[in-house]
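Below is one structure, written out as structure tokens; comments come after it.
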There are 2 protein chains.
Amino acid sequence: MARKLEDSAAQLAALGHPVRLGILRAVVKGPQEGTPAGDLQARLDIPASTLSHHLATLSQAGLITAERQGTFLLYRADFKALRALTDYIWEECCQGGACC
Amino acid sequence: MARKLEDSAAQLAALGHPVRLGILRAVVKGPQEGTPAGDLQARLDIPASTLSHHLATLSQAGLITAERQGTFLLYRADFKALRALTDYIWEECCQGGACC
DNA sequence: CCTAAGATTCGAATAATATCGAAATATGCG
DNA sequence: CGCATATTTCGATATTATTCGAATCTTAGG
């Protein structure tokens, strides 16, 4: 399965925003079973609608996943996707043989 | 030296554009001493002014460096910066202990 | 000094993104 | 059902990014 440059760019763009990078960090450092959107909102102190928009961006990029638990929506980081993304960067780089 | 979230976000944003990711790839796969802007333009088939703008973005983010050689400007990838960036992502992730 | 080649900067139009309050949707519970 | 809580979607605005032709700048060479 060929990894598309466009998809990687979309994931990198999703991470390329201070608020979203902060969201990912908060999700990663949160409980393994996931962090409710409300908890993220309280911790990061941003309006709910803004947070929701950023969560959607990260989710569409495939970097986080959501699972409903009652009235809560638990967000979890997709570590496999993160690994694939960083791997992609280095596959690109090492193909030239200049760095590793 | 503490790596700032904002700086990482800026670097990720620089990579988060298909054309710029393509430029980085071309630079990485090019000769070690650097690739002239004109070569990149011919290979990627984009207007010179557009290319120049993207090169400036990548350069300001600290992902590539430029060195003049006569009338040419040779662009090189900053592998150290790329490594630091991918490392940063995993430092963030592994702090939670959930993934590695 | 003049010209040509390589590359950037300017300027201006268009497109995309970010933000956030208000309204709407989904879920659980009494 | 009706209400409360959690979250998203809508709508509207402000900001920023992207694009590219034309003009400018830089350097080398005659």
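Here is how names work: the chains are called A, B, and so on, in the same order as the sequence lines, proteins then strands, and each is numbered from 1. Since the structure is predicted, the reported quantities are computational estimates derived from the model, not experimental observations.
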Query raised in the report: Over how many whole Å does the gap from A:Ile23 atom CD1 to D:dT7 atom P extend?
Result: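 The answer, rounded to whole Å, is 13 Å.
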Query - Check: A:Glu67 side chain, A:Leu74 main-chain N or O, donor-acceptor pair, under 3.5 Å - result: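 Answer holds: no.
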Query - Heavy-atom donor-acceptor pair, A:Arg68 side chain to A:Gly70 backbone, under 3.5 Å - result: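 Side chain of A:Arg68 to backbone of A:Gly70: a pair is present.
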Report summary line: Sequence neighbours excluded, the answer for side chain to side chain donor-acceptor pair (under 3.5 Å) partners of A:Arg25 is none
Return a table of donor-acceptor pairs under 3.5 angstrom between the side chains of residues 12-21 of chain A and protein atoms on other chains or two or more places apart.
unit_1: A:His17; atom_1: ND1; unit_2: A:Val19; atom_2: N; d: 3.2
unit_1: A:Arg20; atom_1: NE; unit_2: A:Ala14; atom_2: O; d: 2.6
unit_1: A:Arg20; atom_1: NH1; unit_2: A:His54; atom_2: ND1; d: 3.1
unit_1: A:Arg20; atom_1: NH2; unit_2: A:Ala13; atom_2: O; d: 3.4

Query raised in the report: Only one of B:Leu63, B:Leu58, B:Thr57, B:Val28 clears side chain to side chain contact (heavy atoms under 4.5 Å, CB included) with B:Ile23; which?
Result: B:Leu58
Query - Point-to-point distance, once rounded to the nearest 0.5 Å, from CG of B:Leu82 to OG1 of A:Thr86 - result: 12.0 Å
Query raised in the report: Can you tell me how far the CG atom of B:Asp78 sits from the CG atom of B:Leu85, to the nearest 0.5 Å?
Result: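 Going from CG on B:Asp78 over to CG on B:Leu85, the span is 11.0 Å.
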**Report entry** Residue-level proximity of residues 45-59 of chain A to DNA chain C when a heavy atom falls under 4.0 Å
**Finding:**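 Output list: A:Pro47, A:Ser49, A:Thr50, A:His53, A:His54.
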**Report entry** Close residues, residues 67-78 of chain B, relative to DNA chain C [heavy-atom separation under 4.0 Å]
**Finding:** B:Thr71, B:Phe72, B:Leu73, B:Tyr75
**Report entry** Partner residues of B:His53 under the ring-ring contact (aromatic ring centres under 6.0 Å, His included) criterion, sequence neighbours left out
**Finding:**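 By the ring-ring contact (aromatic ring centres under 6.0 Å, His included) rule, B:His53 matches no residue at all.
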Query - From CA spacing to verdict: side chain to side chain contact (heavy atoms under 4.5 Å, CB included), A:Leu40, A:Leu55 - result: CA-CA 10 Å; A:Leu40 294 170; A:Leu55 285 170; 4.1 Å; yes
Report task. Please check if atom CD in B:Glu33 has more than 12 non-hydrogen atoms from other residues, nucleotides or ligands closer than 6.0 Å. Result ->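 Atom CD in B:Glu33 is packed in, count exceeds 12.
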**Report entry** Opening and closing nucleotides of DNA chain C in contact with chain B, under 4.0 Å to non-hydrogen atoms
**Finding:**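 Answer, 5' to 3': C:dG6 to C:dT9.
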